Amino acid sequence: MCKSWGEIYLNHYEKYFGQYANANIYKNHNAESLQLLEYDKVFSRCKVYCSLGLSKYPQENNFAEVFIPIDDAIGKNIELVPDVIAAALFGIICSKTPLQRGTVVDQIKLRNKGFFEQWNKDAIYFTFAFDLPASFEEIKINGKSGFVYTGFFISQKEYECLCKYKPDAFEQLFQKAQVDVYDLSRPSIV
């Protein structure tokens, strides 16, 4: 039986994270849809949001979904997070941007001013999956590969730094600063 990429990714998430705690369905003005699955207890004090449906819109035959952990200590406005993630993912779909290491969706402040004002994060940066086994990052089925990228929120100054440098140097800055990229309250590293 031939499974869809959606079924494949859902099984993949369940293998690593167990049953999701919540699922939200989002649709944009073009009637494109995707889901964000919410997982608890993947990492200590974090909620994890995993996309499901992004792989329906592959760019350059690149099947991909995203995984975005957020420190759940951020408090009362955590409900803003999935809406901002969904808007960013629709931005990727509509712009036909291939999702890969170094992809960034900026201008969050235009999509959700309240989110930007609370955490001063204006972009989501995507990179290879980390903090999980290497086998989490790539799914191989019938000669095709699907990928799961980690996303984390960055400030406008960090985004400008990324534009100046490339992903390797940008990620090294975060490693050197030893910051928790899942913490929305963290100060900018630049």
Side-chain angles (χ1 to χ4, degrees), residues 2-14 17 20-39 46-70 72 74-129 139 144-160 162-163 167 181-182 184:
C2 186
K3 291 183 176 183
S4 70
W5 277 103
E7 290 176 283
I8 292 166
Y9 276 104
L10 180 59
N11 291 339
H12 188 69
Y13 294 150
E14 287 175 348
F17 305 147
Y20 57 87
N22 194 17
N24 292 304
I25 299 172
Y26 295 87
K27 293 186 181 198
N28 70 1
H29 59 281
N30 295 328
E32 295 155 327
S33 66
L34 58 86
Q35 293 183 64
L36 281 180
L37 306 178
E38 183 181 313
Y39 293 88
C46 280
K47 287 193 179 298
V48 172
Y49 298 94
C50 295
S51 68
L52 193 59
L54 194 59
S55 57
K56 290 190 303 189
Y57 313 100
Q59 300 303 318
E60 301 173 9
N61 209 25
N62 179 13
F63 298 96
E65 297 287 350
V66 301
F67 138 85
I68 302 178
I70 300 293
D72 67 5
I74 64 173
K76 62 181 178 186
N77 288 333
I78 196 165
E79 70 275 357
L80 296 175
V81 173
D83 293 343
V84 171
I85 294 170
L89 297 180
F90 282 126
I92 289 172
I93 292 168
C94 291
S95 67
K96 300 185 188 293
T97 301
L99 186 57
Q100 58 194 5
R101 179 180 182 230
T103 297
V104 66
V105 178
D106 65 335
Q107 298 185 338
I108 287 174
K109 66 183 160 208
L110 298 179
R111 294 178 176 94
N112 194 313
K113 189 176 178 182
F115 179 91
F116 173 75
E117 287 175 349
Q118 180 153 1
W119 292 296
N120 196 32
K121 301 296 185 280
D122 195 34
I124 303 176
Y125 175 75
F126 296 98
T127 189
F128 299 129
I139 305 167
K144 293 185 179 181
S145 291
F147 298 90
V148 182
Y149 292 95
T150 298
F152 60 90
F153 289 90
I154 60 175
S155 70
Q156 179 63 37
K157 287 184 179 187
E158 290 165 341
Y159 172 68
E160 291 166 4
L162 171 64
C163 293
V181 296
Y182 305 151
L184 283 176

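No experiment lies behind these values; they were computed from the predicted model shown.
For Lys144, the side-chain contact (heavy atoms from CB on, under 4.5 Å) partners two or more places apart in sequence, or in a different chain, are Trp5, Phe63. For Ala23, the side-chain contact (heavy atoms from CB on, under 4.5 Å) criterion is met by Tyr20, Gln35, Leu37, not counting sequence neighbours.
At least one side-chain heavy atom of Val81 sits less than 4.5 Å from a side-chain heavy atom of Tyr49. A 4.5 Å side-chain heavy-atom check between Phe126 and Pro167 finds every atom pair outside the cut-off. Residues Ser145 and Ile139 fail the side-chain proximity criterion, which asks for heavy atoms closer than 4.5 Å. Residues Cys50 and Tyr9 fail the side-chain proximity criterion, which asks for heavy atoms closer than 4.5 Å.
Going from atom CD of Glu38 over to atom CG of Asn24 covers 7.0 Å, rounded to the nearest 0.5 Å. Rounding to the nearest 0.5 Å gives a distance of 7.5 Å between CZ of Phe17 and NE2 of His12. In this structure, CG on Asn112 lies 10.0 Å from CD on Gln118, to the nearest 0.5 angstrom. Annotation: the span from Lys47 atom NZ to Ile68 atom CD1 amounts to 15.0 Å, rounded to 0.5 Å. Considering CZ of Phe153 and CD1 of Ile124, their distance stands at 4.0 Å, rounded to 0.5 Å. Within the model, atoms OG of Ser4 and NZ of Lys56 stand 9.5 Å from one another, a figure rounded to the nearest 0.5 Å.
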Run the side-chain contact (heavy atoms from CB on, under 4.5 Å) test on Lys3 and Asn11 for me, step by step, so that the C-alpha distance in whole Å, both residues' side-chain angles and the decisive distance to 0.1 Å come before the verdict. CA-CA 10 Å; Lys3 291 183 176 183; Asn11 291 339; 2.8 Å; yes

Give the C-alpha distance, both sets of side-chain angles, the deciding distance and a yes or no for side-chain contact (heavy atoms from CB on, under 4.5 Å) between Asp83 and Tyr26. CA-CA 8 Å; Asp83 293 343; Tyr26 295 87; 3.1 Å; yes

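Nearest heavy atom pair, residue Leu36 against residue Pro82, reads CD1-O, 3.2 Å. Residues Arg101 and Tyr125 share a closest heavy-atom pair of CG-OH, 4.4 Å. Here the closest heavy-atom approach between residue Tyr13 and residue Glu65 is recorded as OH-CB, 3.1 Å. Nearest heavy atoms, Phe152 versus Thr127: CE2-CG2, 4.3 Å. Contact detail for Pro69 and Gly151: the closest heavy-atom pair is CD-O, 4.1 Å.
In terms of modelled atom types and a separation under 3.5 Å, the side chain of Asn28 and the main chain of Asn30 share a donor-acceptor contact. In this structure, the side chain of Tyr182 does not engage the main chain of Val48 through any donor-acceptor pair within 3.5 Å. A side-chain donor-acceptor contact under 3.5 Å links Asp122 to the backbone of Lys109.
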Just list the side-chain donor-acceptor pairs under 3.5 Å for residues 85-99, sequence neighbours left out, or say none.
unit_1: Ser95; atom_1: OG; unit_2: Gly91; atom_2: O; d: 2.8
unit_1: Ser95; atom_1: OG; unit_2: Ile92; atom_2: O; d: 3.4
unit_1: Ser95; atom_1: OG; unit_2: Thr97; atom_2: OG1; d: 2.5

